[in-house]
Trainee: 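Pasting a structure below so you can have a look.
The chain is numbered in sequence order, starting from 1. Heavy atoms only: backbone and side chains are in, while hydrogens, waters and symmetry mates are out.
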Amino acid sequence: GNLAAPQFSRTYDTLTPTVPNVDSTVPDGTYGLNATLPIRVSFNEPVDVTGTPTLTLETGTTDAVVNYTSGNGTADLIFNYTVAAGHTSSALDYVSTASLALNGGTIKDLAGNNANLTLPTPGSLNIGSLSNNNSIVINSSAEAVTKVSSTLADGTYGSSVILPITLTFSKVVNVTGIPQLTLQTSSTPNGIASYSSGTGSTVLTFNYTVAAGQTSPDLDYLSEIALAVNGGTINDTGGTPATLTLPEPGTAGSLGINKAIVVDTTAPTVALTYSPASSL
């Protein structure tokens, strides 16, 4: 008999991408002037982006309009928000469900369907919103770290040496507990400098004891968010939490720029060369 003609079926993607969740990858806490916070807008499927969409955050008298930064081809789009003078928020969130805007660009899924830009309703009780997922306080006038340095002379330091790291704040701060500063060393885990002294002043000292295997050609802390209260507090004289954001490593104000401290825990070795005696 005759062979039946082959049958083909096609599936068309007509589903509209939506945003079920908005959050940030930074730890909960207080952030001040010049701190950079990545805000993550998560779609329910990968999307392609053209142009520079924007996300408007509620930051007090002047709202922050944040440009799209990265994430093309994935489900997570990143908008890097840098705290500017005058910005305040007791619980950072976007302004409204319409705060995501194309700004002349496009956001589409891989099949070309335009995304639904409606965000979860802002508010700490609304699932999927930024303030529900994170507890981020913005205070651009809070006491902030302006300089990270050390009282040690530049040079090379080895195992068991205690390195004092000094953090200078813009105003007097009071400390409780034992805050910690994570340093960038070659080991895992990285070196930890623990709070030692300075409460009631503008300069806090953190002591780092060099451990075996830890090395650094130019000691610096791990990142802008390497300072953690560790169950304690760092507050101004009125009790308001200080900004824990540090100058970006490698930039003005950072430990790596202010000091040239090399950490080298490699013990010196003696090379022996054996030369057999000549036969007579």
Side-chain angles (χ1 to χ4, degrees), residues 23-40 69-70 78 80-83 134-138 142-152 154-170 173 175 177-198 203-234 241-266:
D23 64 1
S24 179
T25 56
V26 299
D28 292 344
T30 300
Y31 294 86
L33 188 65
N34 297 326
T36 298
L37 289 70
I39 309 299
R40 179 169 56 189
T69 304
S70 64
I78 303 298
N80 279 342
Y81 160 52
T82 300
V83 179
N134 298 85
S135 296
I136 295 173
V137 175
I138 301 299
E143 285 66 15
V145 179
T146 59
K147 177 183 178 182
V148 184
S149 189
S150 176
T151 54
L152 282 180
D154 292 344
T156 299
Y157 297 89
S159 294
S160 302
V161 175
I162 297 175
L163 306 181
I165 310 299
T166 55
L167 275 62
T168 301
F169 283 77
S170 55
V173 291
V175 181
I178 306 177
Q180 293 183 332
L181 177 69
T182 302
L183 302 172
Q184 175 68 64
T185 59
S186 60
S187 65
T188 302
N190 282 291
I192 297 293
S194 296
Y195 167 73
S196 172
S197 63
V203 180
L204 305 183
T205 298
F206 289 67
N207 284 340
Y208 161 51
T209 302
V210 180
Q214 294 178 341
T215 62
S216 174
D218 186 9
L219 187 64
D220 215 333
Y221 38 87
L222 190 59
S223 69
E224 289 179 297
I225 56 173
L227 176 60
V229 292
N230 189 37
T233 62
I234 303 177
T243 299
L244 302 184
T245 310
L246 304 172
E248 184 178 348
T251 66
S254 68
L255 176 61
I257 292 296
N258 288 319
K259 302 296 295 187
I261 294 175
V262 177
V263 176
D264 185 358
T265 56
T266 305

Trainee: Grab the two heavy atoms, one from Gly191 and one from Gln214, that are nearest each other, plus how far apart they are.
Mentor: CA-NE2, 3.5 Å

Trainee: Pick from Ser150, Ser196, Ser194, Pro179: which one makes a side chain to side chain contact (heavy atoms under 4.5 Å, CB included) with Phe206?
Mentor: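 Between Phe206 and the candidates, side chain to side chain contact (heavy atoms under 4.5 Å, CB included) is satisfied uniquely by Pro179.
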
Trainee: With a 4.5 Å limit on heavy-atom distance, are the side chains of Leu163 and Val263 in contact?
Mentor: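 Touching, per the 4.5 Å side-chain cut-off.
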
Trainee: Is the closest side-chain heavy-atom distance between Leu37 and Tyr31 below 4.5 Å?
Mentor: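 In short, these two side chains touch, coming nearer than 4.5 Å.
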
Trainee: Any side-chain donor paired with an acceptor under 3.5 Å for Thr82 and Thr36?
Mentor: yes

Trainee: Measure the shortest side-chain to side-chain distance between Thr166 and Thr151 over non-hydrogen atoms and say whether it is less than 4.5 angstrom.
Mentor: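 They are in side-chain contact.
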
Trainee: For the pair Lys259 (side chain) and Leu152 (backbone), establish whether a donor and an acceptor sit closer than 3.5 Å, ignoring hydrogens and angles.
Mentor: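 Present.
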
Trainee: Under 3.5 Å, which donor-acceptor pairs do the side chains of residues 221-232 form with other protein atoms, sequence neighbours left out?
Mentor:
from	atom 1	to	atom 2	distance (Å)
Tyr221	OH	Pro247	O	2.5
Ser223	OG	Ile225	N	3.2
Asn230	ND2	Ile178	O	2.9

Trainee: Is there a side-chain contact between Tyr157 and Asp264, using heavy atoms and a 4.5 Å cut-off?
Mentor: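 No - every pair of side-chain heavy atoms lies 4.5 Å or more apart.
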
Trainee: With a 3.5 Å distance limit and no angle check, can you tell me whether Thr156 reaches the backbone of Val262 through a side-chain donor-acceptor pair?
Mentor: no

Trainee: Can any side-chain N or O of Ser197 pair as donor or acceptor with the backbone N or O of Thr205 at less than 3.5 Å?
Mentor: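 Flag not set: sc Ser197 to bb Thr205 has no pair under 3.5 Å.
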
Trainee: Is the closest side-chain heavy-atom distance between Leu167 and Leu246 below 4.5 Å?
Mentor: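 SC-SC contact between Leu167 and Leu246 confirmed.
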
Trainee: Are side-chain heavy atoms of Thr25 and Ile39 found at a separation under 4.5 Å?
Mentor: no

Trainee: How about Asp220 and Pro249: do any of their side-chain heavy atoms sit closer than 4.5 Å?
Mentor: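 Asp220 vs Pro249: side chains touch.
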
Trainee: For Thr265 and Gly213, indicate whether the former's side chain and the latter's backbone hold a donor-acceptor pair under 3.5 Å.
Mentor: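 Judged by distance alone, yes, a pair lies under 3.5 Å.
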
Trainee: Would you say the side-chain atoms of Ser24 pair up with the backbone N or O of Pro38, donor to acceptor, closer than 3.5 Å?
Mentor: yes

Trainee: Return yes if some donor-acceptor pair links the side-chain N/O of Asn258 with the main-chain N/O of Gly253 below 3.5 Å, else return no.
Mentor: yes

Trainee: Is the closest side-chain heavy-atom distance between Leu244 and Ile234 below 4.5 Å?
Mentor: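 Yes, side chains in contact.
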
